[in-house]
Structures are given as structure tokens and as C-alpha cells.
Amino acid sequence: MNKFSIIFRGFLALTYYIYFTLASDPCSLQDFCVADVKSPVLLNGVTCKDPKLVTAEDFFFRGLHKPGNTSNPFGSKVTPVSVAVLPGLNTLGVSMARIDFAPGAVNPPLIHPRATGLLTVLKGTLKVGFITSSPENRLFTKILRKGDAFVFPQGLVHFHQNVGKTNAVALAALGSQNPGTITIGNALFGSNPPIDDEVLAKAFRIDKGLVDEFQSKFSAQQ
Ligand SMILES: *[C@@H]1O[C@H](CO)[C@@H](O)[C@H](O)[C@H]1NC(C)=O
């Protein structure tokens, strides 16, 4: 291999590296691309509605003033404002969510595969944290009060807990029109069809009876 070829290959590798580390929702090549929810075309994102038919309603969502119903085993409720309910978000790389917490509630450990989250507490007191990837598995945790903000890096396991005596409300800004949520417990113990007992028993170093118990709780909840 000559010197030029080595430099050229190095340059290509660097280009790919930069391209992939900056990977996020696609950049807009137009002012907007309001999601055409009725389109039969499947692609990465949603096809655009004819701009001539777009109205202010396409960029609008009403309802974040309404508290979510927290009567569930976690005591928390997420109200997402993503492209599914606000078509104007398509291709814009951003969305948000309201999260309500009853006293003692948790938003259980979860991952957003496609977005970093920036959480602001509007009411109450939350204990939040995220864990870095292996092998460090380092926990970063903090108590947040009204007006505080905390960032959860994309793809990392994180959680929220209401440690105050009142209800709590938080607003999350998310760096994707469709951040996605993988709730760890539901994914592992409530999958459809279920993961083999043996896998989960080995993975968590527990016996199969306990695996069955977890599975019955998580599948009943869905
Ligand atoms: C909240 O959810 C619970 C459980 O699904 C339901 O029984 C209750 O009627 C809901 N409350 C309101 C106000 O919607």
C-alpha cells in the first residue's frame, strides 16, 4: 500500500467516524416536512404532507396542562408529545414529554434508544440518575427540585423517583421526533413471547421460580 492510499483510507475512516458519531434524526432540507400520517409509504421517518395543505394545526398540540393518570403499579405517567401526536415534528429532531408522579412513584429504569433527554422539574422533588455503559456502570444521581434541570445522555439506562411528599411534575425535552422507550423490566420480563426462563435465571443469577413471578407481574401489566 503506498503512502497516498494509507492517508486516503485514514481520511475515509475518519469521515465515517464523524458521520456516525454525529448521527441523529436526519437534517431538514426544507422548512418543514409535516408527517403525512395516512401515507402508505414506509421509510425512516414519515413522508411529508403536501406543504400547500399544511396548516397551523399541524404544528400544534394541546393537553400538556392535564395531569397524567398515575393509578398504575409505578405511580407515574408519561404523556409524550412526539411525531405520533404532533405531525409537524417530523424530521425536526426534537420532542417532549410531561411526566406525572404520585408520592413515592418511580419512572422505572428505561432507555431512549434515539434521544438524549433534558428533564426540568416543574413541581415537587425528584431523585434521578443514569448509569454509564459497561464495564464502569457508574451511577450519576442527583436530587432535583422545582426549576432544576438534568441531562440523560442518549441510550443510557436512567430512572426518576418522587422523593417528595407531594405529587411531582416534570417536563422532558428529547432530541428526536421519536425517541422510543425501552423500559428494562417490561422488555425483559414482559416480552411477547416471553424470553426463556433459563436465560433470565442465568442472567440475573436467580432461580426460575422468581423469573416466573416477575414474568407474571410484567405480563399482567401490559
Ligand atoms: C385512572 O386509571 C385507572 C386505572 O386504569 C382507572 O381505573 C381510573 O378510572 C382512571 N382515572 C381517571 C380519572 O381517568
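Atoms within each ligand, like the ligands themselves, are counted from 1 in listed order.
- Of the protein's non-hydrogen atoms, Ser71 O, 4.4 Å is the one closest to atom 5 (O) of ligand 1.
- Distance screen at 4.0 Å: atom 2 (O) of ligand 1 has a protein heavy-atom neighbour inside the cut-off.
- Residue Phe152 comes nearest to Leu119 through the heavy atom pair CE1-CB, 3.7 Å, listed as atom of the first residue, atom of the second, then distance.
- With 3.5 Å as the limit, one finds a donor-acceptor pair spanning the side chains of Ser71 and Asn69.
- By the definition of a contact as any protein heavy atom under 4.0 Å away, atom 9 (O) of ligand 1 is not in contact.
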Can Asp36 and Lys38 be said to form a salt bridge (charged side-chain N to carboxylate O under 4.0 Å, His left out), step by step? CA-CA 6 Å; Asp36 181 2; Lys38 293 191 193 106; over 6 Å; no
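- Remark: aromatic rings of Phe59 and Phe32 are close, center separation under 6.0 Å.
- Residue Asn69 places at least one N or O, backbone or side chain, under 3.5 Å from an N or O of ligand 1.
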